[in-house]
Amino acid sequence: MDKLQITGGVALEGETRISGAKNATLPILAGALLADGPVTIGNVPHLQDVTTMIELLARMGVTVTVDERMRIEVDPSSIRECFAPYELVKTMRASILVLGPLLARYGRADVSLPGGCAIGARPVNIHVAGLQAMGADIHIEGGYIRARAERLHGARLVLDTVTVTGTENLMMAAALAEGETVIENAAREPEVVDLANFLIAMGARISGAGTDKIVVQGVSKLSGTTYEVLPDRIEAGTYLVAAAITRGHVRLKSTNPAHLDSVLGKLAEAGATIGTGSNWVEIDMRGRRPKSVDVRTAPYPAFPTDMQAQFAALDTVANGVGTVVETIFENRFMHMLEMRRMGAEIRLEGNTAIIHGVEQLTAAPVMATDLRASASLVLAGLVAEGRTDIERIYHIDRGYEAIEEKLAQLGAHIRRVPN
Ligand code: EPU
């Protein structure tokens, strides 16, 4: 297993390009199952999770071709079975996204229940209840969700909790259901909007995506299309924090600053100078120590849980005391314990971390526990004194395209070595 070696102390400087969004690519690939013809998807990031979703579709018999520029063509007409096996679902929870499309398009789906997860229990009860309200017959048997339906019908769904993949699964199912579906308390994340736009390009009739009420008029068929995935706002946010924590100056291309409002607001509070254009963001923190910021995670457009660990890293070396409150996942603080081993002063009280900024972190061997936790350890390594070795970086490869190349391009001393 590879590890990352980072020697801290370099202020990042330069320009890099942001990749397509992982969390939009995954539902869009699943959504391609709804189409009657081939779908072509561009701006797809080269990531392990994307490979897993492709493998999942291929196991079902779907024809998937990937060119050298990561344009993916999905032709679902060759599908043989509507089955998502445990061995794949356990490596990627987002596999649950095939449930709605399979059921709506083919009338059946056998999808393994995702188990627990490093960041929380993450049940899928809202996905299941929504499909049942749309007429699906669902049994949980032998660790699998076994779902059947002649044709789903529209329903009024009021989601108990704001759920991103839950909203996506139900919106995809509703696209081919008979009649109107209203999803209340829907997730408003840009990735939900991207999926809606993709479905609309296939012929779906969806309005309200990006608000908490999505209305879907079911249609009888959806056709193939070509679609470009939106830029990854979490990857962008991570590089912005990398610039801030190292007191650097970085410009990000191919990004959408409108999706980064809460993150840019917090970076400005930390003392950074921010510039934006329609598809770029620039951050300048040269010669300044960041100021501590308080963050509280909540569904979009509030501060994203997927940026919590990175801001915790920023607070460890900032001037002052910052509090980080995690309200989405009950166990998303593993990085705090690793950062303590690098000299961070962090007190944990339930879902709150109180972080006293220190002048200097010191390098230590650390272990990645989930995707965003790994990113925060990379950030800590970029400013720690000495060489930080980060193990279990397969987590990083699930969600950050070529992270060591992009950081090295910005001047970081980072390399991937076999363990
Ligand atoms: N929840 C339920 N029941 C459900 C579904 C969700 O109780 O049926 C709860 C969850 O346990 C959690 C809350 O609702 O407490 C919100 O979870 P959500 O369903 O929104 O999370 P998700 O859809 O499983 C997506 C992203 C995550 C991101 C979260 C929150 C994808 C593929 N994953 O997960 O991304 O953290 O939304 O924004 O879109 C990551 O990229 O590192 C990552 C974990």
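Both ligands and their constituent atoms are indexed starting at 1 by order of listing.
- The aromatic rings of Tyr144 and Phe83 sit parallel, their planes meeting at an angle under 30°, below the 60° perpendicular limit.
- Glu349 meets the side-chain hydrogen bond (donor to acceptor under 3.5 Å, both in side chains) test with Arg347; sequence neighbours excluded.
- Applying the salt bridge (charged side-chain N to carboxylate O under 4.0 Å, His left out) test to Glu184 and every residue at least two apart in sequence or in another chain returns Arg156.
- Contact shell of ligand 1 (protein heavy atoms, cutoff 4.0 Å): Lys22, Asn23, Ala94, Arg122, Pro123, Val124, Asn125, Ile126, His127, Thr161, Val162, Thr163, Val164, Thr165, Thr305, Asp306, Ile328, Phe329, Arg332, Leu371, Arg372.
- For the residue pair Tyr239 / Thr16, no side-chain donor-acceptor distance below 3.5 Å is found, with atom types taken as modelled.
- Side-chain N/O atoms of Thr323 and Asp294 include a donor and acceptor closer than 3.5 Å.
- Residues forming a side-chain hydrogen bond (donor to acceptor under 3.5 Å, both in side chains) with Glu391 (at least two apart in sequence, or on another chain): none.
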